[in-house]
Amino acid sequence: MRAQQDHERLYQTMAIIVANIPIGPGTYRLTLLAPEITAAARPGQFVEILPGAKAAMDPLLRRPISICAIDKENGRIDLVYREVGRGTRMLGEKQTGEKLDVFGPVGNGFVLPDEARKILLVAGGIGMPPLYALAQSHPEREFVLYYGARNQQELIMLEDWALLKIPVKIATDDGSSGFKGRVTDLFLKEAGTAYHLCCACGPRPMLTALAGILQQQGKKGLFSLEARMACGVGACLGCVCSTKHGYQRVCVDGPVFPAEEVIWDE
Amino acid sequence: MRAQQDHERLYQTMAIIVANIPIGPGTYRLTLLAPEITAAARPGQFVEILPGAKAAMDPLLRRPISICAIDKENGRIDLVYREVGRGTRMLGEKQTGEKLDVFGPVGNGFVLPDEARKILLVAGGIGMPPLYALAQSHPEREFVLYYGARNQQELIMLEDWALLKIPVKIATDDGSSGFKGRVTDLFLKEAGTAYHLCCACGPRPMLTALAGILQQQGKKGLFSLEARMACGVGACLGCVCSTKHGYQRVCVDGPVFPAEEVIWDE
Amino acid sequence: MNNPKLQVDFAGISLRTPLVAASGTFGFGREYSRFGPLDDWGAIVGKGLTLRPSQGNPPPRVTETPAGMLNSIGLQNPGVEAFLRDEMPDFASLGLPVLANISGHTVEEYGEIAAKLEGSGIAGIEVNVSCPNVKAGGIVFGTDPKALAAVTRAVRRRTGLPVIVKLSPNVTDVVALAQAAEGEGADGLSMINTLLGMAIDIHTRRPILANTFGGLSGPAIKPVALRMIWQVYRAVKIPILGMGGITCAADAIEFLLAGASAVAVGTGIFHNPGIAKEIREGIQQYIVEKGFASVTQLVGAAHQDGEGKGCGG
Amino acid sequence: MNNPKLQVDFAGISLRTPLVAASGTFGFGREYSRFGPLDDWGAIVGKGLTLRPSQGNPPPRVTETPAGMLNSIGLQNPGVEAFLRDEMPDFASLGLPVLANISGHTVEEYGEIAAKLEGSGIAGIEVNVSCPNVKAGGIVFGTDPKALAAVTRAVRRRTGLPVIVKLSPNVTDVVALAQAAEGEGADGLSMINTLLGMAIDIHTRRPILANTFGGLSGPAIKPVALRMIWQVYRAVKIPILGMGGITCAADAIEFLLAGASAVAVGTGIFHNPGIAKEIREGIQQYIVEKGFASVTQLVGAAHQDGEGKGCGG
Ligand SMILES: Cc1cc2nc3c(=O)[nH]c(=O)nc-3n(C[C@H](O)[C@H](O)[C@H](O)COP(=O)(O)OP(=O)(O)OC[C@H]3O[C@@H](n4cnc5c(N)ncnc54)[C@H](O)[C@@H]3O)c2cc1C
Ligand SMILES: Cc1cc2nc3c(=O)[nH]c(=O)nc-3n(C[C@H](O)[C@H](O)[C@H](O)COP(=O)(O)OP(=O)(O)OC[C@H]3O[C@@H](n4cnc5c(N)ncnc54)[C@H](O)[C@@H]3O)c2cc1C
Ligand SMILES: Cc1cc2nc3c(=O)[nH]c(=O)nc-3n(C[C@H](O)[C@H](O)[C@H](O)COP(=O)(O)O)c2cc1C
Ligand SMILES: Cc1cc2nc3c(=O)[nH]c(=O)nc-3n(C[C@H](O)[C@H](O)[C@H](O)COP(=O)(O)O)c2cc1C
Ligand code: FES
Ligand code: FES
């Protein structure tokens, strides 16, 4: 089964940093001028960023970061990332005007069936950004976002969702905003079944729980997964996940998989 | 033979970059706010700088750079470095306000005998900076600088020497400024023997030739050597050079050695 | 793009540049051709093949280490027959020599795979001996000169294609293994494969790789690779495909000077997919600047006198 | 500064913290005490000693490699007698246990050095077996289980001090060597020593080190060190002093989890002379956060089930 995107062009470029702005605790919105990548980009795809100095061989591997917003007119993409380790911390130190070695766009992205008119989005923490690109790119569809985070401070980009006029239902672990508890519990409680598709991105336990709910409801899901990656282009087989079709590469067979094809209990 | 400086305090600090200004082709003058190091610094000593990001393990080792000027009042030292590899190139990208992980001051420095009233300085290329610190710190002595470089563009800090009112005799390989040829030839031609001590720093072939001249003239020399270093504190024995007393550590037994004690033909 | 100064002959295979894409890091060429033509490469070694399909090890399979990475892919591949049917047509039409990298669980399997590749359009066979011999208690073929000789012999008997034996660095005496391969008629050596390593997640307190151990590759291993190539170059006559941590032209030149006739790049491609162009241009500039007539003049040029002894510490 | 949670017993030596300064990287303690008190360290292993004075290898002796470095110091040292006379008084008065690291050119020399150290105030003897055996054609002691057993026996017979055998990683089967040392009564193992490597200057086209080869240390080798410690931990009962590329608390914790009872830091000190404080504080924070009563609970905690097999690639 060879994916269509296997033949699409990839671009490696020195992208210029237009902005790199803190938008939450340890969380940044990075705007890159990268016309070729932008022109080709689709929601659900990601880019591979070299976080260190080019001459430094440590850190060695690129970091995958989802495309959060696509500005085709200006040749810019936005990425939203959270500092969790040294690579993302190095990104946090970059200044406007500096250049970043980036390649992309990578992955299949969210491919929406025509009949999916009403789509529920479910985001956990820093899994939200790719869903924003999805909603932004499909003004013709109806979306509702279920958004879970640890606490109120970690909720980001709420104004951006408001601009898209998309309702956001919030769950926080500590109840500091919205529903107190897991976003999947909120989803189960409020979402009902009047929708055609559920698109999600977030921590694996959230996706596993959500896949169970969808299965019960007989609904389809498109979930964006994460995996440790090396090449980010499908060559090394380092990033596989278990699916009903055997091991599949998260980087190019995904990162978006039909929820029902993933083997969740591994 | 345990050197006196073996017991002096060393300081590791996050020095603040006050300025990092290009002063010649690929050559920068870096001003660091580092009060403890400055307070202890003597001419001929150096500091050990970590050029990369702290979290990056490549480049791993520190780079030794001589102290070029000491501003005890303001707690600042100046370093002058030339981009020759990736470490010095990384330094070239640092901005004012950033911090640098630095330790020092390291080494014996130039210890001048009282009777050395007239001192000839001989510098080759980027070997000049430590001689500036020496001249600056000893207004009570009379100096003349013999300064060799590849061409006129590579001559730096001439205004600084003018401020100290020290005569500078120039030699360039291509004759674009001053004497055309080697600085040691200029020295042989013009220096005469009316001096008490010769202090020098530059490429090994220059020092070797100069040591020969001094030996002929029966004059004393204090030469600052370079070596590949690992620890920079005398612990690893990585930086040794051959002397009449066996292998000596350039980092702490030097970098300044009496010219007559070094075994030059190795 | 074609520059005769860069052209090399390796074990009977003519390469337009001395740059080879290393096995397991370049798929079957398709993935990286998405960045543009593969003009800077001299050849590609495909990902490792086994006789039967293999699903490989469970994930996580890769993790970063200082200036390196660990992988425990475990030879996921469709098996040699499906490869020949489904992959070979595209692989063979990339416009440069393509090599197969083969692994077996027994000596016989190596021979069988080699036989199946005969006449397929493959330019040569790279024999991966970093796998355990299931018939000999799991001892890795590539750590025992006798087992390695047996594998080389089995492959040599079944093919007229150039046979390149890929040495494992996880050994006390790499020269003995190189000589074992040479003695059985290998046309060339590839070195080095990965160093066996591991990493632990201090939060879960478990090995990061599901397989516990993985192969260490990337710049971290470069000094070990250079040392082994230096040693083997002095002890054998067959050419060496040098690899292990190459990320720039200077690295590639170091390998040539140490004795490699051509060089392969693996992990460095992940760091920089545009690496081949950079290295090709850098080598070209070097030979012009230094006045060499061709890249072949660099091979082994750093060997001038006896090698060091004594203990490092 | 004294925190009972950090206290460990290693091979009969009581360490106030599990952090040891590695042989050859810390002189005899004087140099780094110029930065301030050595309170964060648990012990120091002095630079390598030989029976007679040794001037070591010619320079250049060190060079940087990706996330690592090569050294070919060649055991420059004043000889054990001059050490005891000129260095030991200061070394012994640093306020923490100090160990001697010893090397011989013959089995007998090892025994002689060990005997001379008896009663000197040295807390233990680390036996460096990464040197060539001049009586056996220059084969490195530490690569042959029989030679390593003979060295261990010779040292064991001549001293009542804790004997810690330092394993070389340049071997096919490190477990066999660990068992050889254990079998002859070693009280502990140190691992790993440096990997043999080299680097070439592409401008002079000569090896950078005057000795051609040198020992690779630093973060680059960390995955190899962890793997070997993991393997040896499962095969022996004596404690392991783990080292190889530690530069931060997380690294040190990885080594403890893999099975090291204490950890040594070498090259990391060159990167950051303040490293011991950082690591000591980081370990302390980790055991508090994770609810451990003491650092000893971390030792080997990552071993829960069988280890991986199969081939990496
Ligand atoms: C397809 C995809 C899209 C992603 N999109 C985003 C995004 O939009 N915003 C965001 O903040 N994060 C995103 N991530 C996660 C992000 O890649 C990791 O947080 C980042 O790689 C961590 O790097 P580090 O150096 O800071 O952390 P370290 O822990 O120091 O990284 C060490 C190594 O582990 C890998 N790694 C660590 N965490 C992860 C992870 N969660 N997933 C994959 N590899 C990991 C790193 O890439 C690196 O190789 C995405 C991951 C994937 C796979
Ligand atoms: C005591 C001393 C004082 C020095 N003072 C100055 C100064 O004031 N200004 C200045 O520009 N340079 C000075 N140097 C040289 C400077 O240290 C090197 O140019 C620098 O280390 C090169 O690092 P790199 O990463 O740019 O080069 P690379 O070649 O990439 O360095 C690789 C490795 O080689 C070492 N190395 C390379 N060249 C030298 C060298 N010439 N000497 C020692 N080690 C070297 C580096 O430290 C590093 O470990 C001094 C050297 C010494 C020993
Ligand atoms: C992800 C990955 C997969 C690999 N797969 C194989 C393989 O299938 N067969 C093989 O012989 N070597 C394999 N290797 C080893 C490489 O071909 C190469 O020998 C090694 O990585 C050292 O080179 P490098 O540092 O340039 O990567 C693999 C390496 C990596 C990183
Ligand atoms: C400069 C240097 C000198 C060394 N000298 C010795 C030595 O004399 N004896 C010894 O057993 N190990 C010696 N070693 C090895 C270290 O003790 C240690 O085992 C090795 O460097 C790995 O640890 P690291 O990566 O933390 O440095 C030396 C290492 C270095 C870098
Ligand atoms: S990261 Fe290499 S195949 Fe996905
Ligand atoms: S650099 Fe370590 S002793 Fe001089």
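Computed from heavy atoms alone, side chains included, the values below leave out hydrogens, waters and symmetry copies. In this text the structure is predicted, and so the values were computed from the model without any measurement.
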Mark yes when over 12 heavy atoms from residues, nucleotides or ligands other than [X] sit less than 6.0 Å from its [atom1]; otherwise mark no.
X: A/Q215; atom1: CD; answer: no
X: A/K94; atom1: NZ; answer: yes
X: C/E81; atom1: CD; answer: no
X: A/K72; atom1: NZ; answer: yes

Which atoms form the tightest heavy-atom contact between [X] and [Y], and what is the distance?
X: A/G238; Y: C/R61; result: O-CB, 3.5 Å
X: C/K47; Y: A/A235; result: CE-O, 4.4 Å
X: A/D58; Y: C/P66; result: OD1-CA, 3.3 Å
X: C/F35; Y: A/Y11; result: CE2-C, 4.3 Å
X: A/K54; Y: C/H271; result: O-NE2, 3.9 Å
X: C/G56; Y: A/Y247; result: O-CE1, 4.1 Å

Legend entry - A/L237 versus chain C, the contacting section by heavy-atom distance below 4.5 Å: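 Both parts, heavy atoms under 4.5 Å.
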Inset, instruction - Pick one of side chain, backbone, both or neither for A/A230, based on which atoms fall under 4.5 Å of a heavy atom in chain C. - result: both
Side chains of [X] and [Y], heavy atoms from C-beta outward: is any pair under 4.5 Å?
X: C/M69; Y: A/R228; answer: no
X: C/E64; Y: A/R86; answer: yes
X: A/V252; Y: C/R34; answer: yes
X: A/R62; Y: C/P273; answer: yes

Inset, instruction - Side chain from CB out, backbone as N, CA, C, O: work out which of these in C/I208 comes under 4.5 Å of a heavy atom of chain A, or both, or neither. - result: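 Interface part for C/I208: side chain.
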Legend entry - Which atoms of C/T267 approach chain A - backbone, side chain, both or neither, heavy atom under 4.5 Å: side chain
Legend entry - Greatest number of heavy atom pairs closer than 4.5 Å to chain A - which of C/G218, C/P58, C/P60: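 If we count pairs closer than 4.5 Å to chain A, C/P58 comes out on top.
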Inset, instruction - Evaluate side-chain contact (heavy atoms from CB on, under 4.5 Å) for C/E31 paired with A/L10, printing each intermediate quantity in order. - result: CA-CA 9 Å; C/E31 288 78 9; A/L10 284 172; over 6 Å; no
Legend entry - Gap separating the SG atom of A/C231 from the CG atom of C/N71, nearest 0.5 angstrom: 11.0 Å
